[in-house]
Amino acid sequence: MNRIFSGMQPTRQLHLGNYLGALRNWVALQNEYECIFCVVDLHALTIAQEPEVLRNNIREVAAAYIAAGIDPDKNILFNQSFVSGHAELGWILSCHTPLGWLNRMTQFKEKAGKHRDMANLGLYSYPVLMAADILLYKATHVPVGEDQKQHLELARDIAGAFNRHYDTEFFPLPEPQILGEATRVMSLRDGTKKMSKSDESEYSRINMTDDADTIAQKIRKAKTDPEPLPDTLEDLEKRPEADNLVTIYAALSGETREQAIQRFAGAQFSQFKTALLDAAVAHLAPITQRMNELLADKAEIDRLLRKGGERAEAIASRHLAEVKDIIGLLRP
Ligand code: AQP
């Protein structure tokens, strides 16, 4: 059976990178797979959180999923901390993960920066918890943006190590699904840096909650270069900021990058940016409006998350019991 698991951290507001790199693909995939979509709130604890802000961010991410088109009845939609099996399997898998594998993770190096000794253990072992999230449901496919590819490879390695150690085929090796034109959306301020929730500059990203004026301002201020747009992908790829904006346009308008570059070959950025911001507003405005409607009834979001959590728990507890049998733990 093919089963999808994927999630997003409620660290701050979701942005266009999260949407184009992952969420939009989930919406399309929900018709082909059995899907489990999670708000990975335990992962959010790897950075300092204000309890009330975290609570609201969890609801906001859930609202973004639903507003973007995820059906909470058809799919399982819940927050990670509802199911304690994530943390429990995370511990078990951490005992099967050599430190050397974690030392290779580039995201930890980037996020920990120069003060690696001060980074918390959770940030370091984050990819093991992510492996547990996926394997707890024996998910076969994981739709993510390109930045998560290395973590997905580690999840496969951990699943393989577990299976070999216990001479079993218990865990499937999960396949990454990196789909669409915009698998790595870059910062609007620097075309060589990923668009990220944690970037200090608000102008580096378009948030899913931005209104039309804010989107327009951010796109107008987006970094570009002085040349008009080129007419080949080859020339575009030498210009990171232009490449990023054309990629975003293509993804929003449902074209390929090749089609988008043909359409705007020789255009000045002022003209292109008007088309881009129109496409961004047309695409995001209905989602933002729906999100705001959903967020007006927090109790209903909490109810949906609880309901999804109960469905997730039923699968997770069965698999965790099987893992305990395999590794020799006595069950209550
Ligand atoms: N810039 C991006 N382009 C394409 N996809 C992206 N994703 C994230 N940024 C981009 C994808 O969104 C999903 C959820 O990501 P996450 O919330 O787990 O955290 P992240 O990957 O660490 O994303 P951020 O926005 O950079 O968050 P912070 O700053 O908190 O670390 C994943 O599928 C991811 O690939």
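We count ligands from 1, going down the list as the structure has it; atoms in each ligand are counted the same way. All values derive from a computational prediction rather than experimental measurement. Throughout, numbering of the chain's residues begins at 1 and tracks the sequence.
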## Note on the structure
So the atoms of ligand 1 within less than 4.0 Å of a heavy atom of Gly21 turn out to be 4 (C), 5 (N)
### Query
Does Met195, backbone or side chain, put an N or O under 3.5 Å from an N or O of ligand 1?
yes
### Message
Between ligand 1 and His15, can you find any atom pair, the residue atom being a heavy atom, that is separated by under 4.0 Å?
### Response
yes
### Task
Look only at interatomic distance and state if Met186 has a nitrogen or oxygen under 3.5 Å from any nitrogen or oxygen of ligand 1.
no
### Query
Got the closest protein heavy atom to atom 33 (O) of ligand 1, with its distance?
Gly145 N, 3.2 Å
### Message
Using a 3.5 Å distance criterion without hydrogens, assess whether the side chain of Gln148 forms a donor-acceptor pair with backbone atoms of Pro143.
### Response
no
### Task
For Ser196, counting its heavy atoms only, list the atoms of ligand 1 lying under 4.0 Å from any of them.
24 (P), 25 (O), 26 (O), 28 (P), 29 (O)
### Query
Has the side chain of Arg156 got a donor or acceptor atom that lies under 3.5 Å from a matching backbone atom of Pro174?
yes
### Query
Taking N or O atoms only and a 3.5 Å limit, does Gly17 qualify as a polar contact for ligand 1?
yes
### Summary
Under 4.0 Å between heavy atoms, the region of Gln9 that gets near ligand 1 turns out to be both
### Partner of Glu258 by side chain to side chain contact (heavy atoms under 4.5 Å, CB included), out of Leu233, Leu236, Thr232
Leu233
### Query
How does Asn18 reach ligand 1, by side chain, by backbone, by both or by neither, if only non-hydrogen atoms under 4.0 Å count?
both
### Task
Compute both the distance and the angle, then confirm whether Lys138 meets the cation-pi test with Phe170: under 6.0 Å from the six-membered ring centre, within 45 degrees of the axis.
yes
#### Entry: Of the listed options Ile178, Val40, Val144, Asp147, closest to atom 35 (O) of ligand 1 (non-hydrogen atoms)
Asp147
### Message
Would you call the rings of Phe78 and His86 parallel, tilted or perpendicular, taking 30° and 60° as the class edges?
### Response
tilted
### Message
Tell me the nearest of Lys193, Gln148, Lys149, Lys194 to atom 26 (O) of ligand 1, using heavy-atom distances.
### Response
Lys194
### Message
If the test is side-chain hydrogen bond (donor to acceptor under 3.5 Å, both in side chains), which one of Thr11, Asn57, Asn79 qualifies with Asp41?
### Response
Asn79
### Query
Can Glu52 and Arg55 be counted as an ion pair, charged N to O under 4.0 angstrom?
yes
### Message
As a test of understanding, state which of Lys194, Lys193, Lys111 forms a salt bridge (charged side-chain N to carboxylate O under 4.0 Å, His left out) with Asp147.
### Response
Lys194
### Query
Relative to the heavy atoms of Lys111, which atoms of ligand 1 are at a distance of less than 4.0 Å?
22 (O), 28 (P), 31 (O)
### Query
Which atoms of ligand 1 sit under 4.0 Å from any heavy atom of Ser198?
28 (P), 29 (O)
### Query
Quick check: does any side chain N or O of Arg205 sit under 3.5 Å from a backbone N or O of Ser196, one acting as donor and the other as acceptor?
yes
### Residues Glu293, Arg290: salt bridge by 4.0 Å N-O rule
yes
#### Entry: Closest approach of any protein heavy atom to atom 3 (N) of ligand 1, naming residue and atom
Val185 N, 2.8 Å
### Message
Distance alone, cut at 3.5 Å: any donor-acceptor contact between the side chains of Asp210 and His15?
### Response
no
### Query
Which is closest to atom 17 (O) of ligand 1 in terms of heavy atoms, His43, Lys197, Gln13?
Lys197
#### Entry: Nearest-contact summary for atom 30 (O) of ligand 1 - protein heavy atom, Å
Thr11 OG1, 3.1 Å
#### Entry: Region of Thr183 that comes within reach of ligand 1 [heavy atoms, distance under 4.0 Å]
backbone
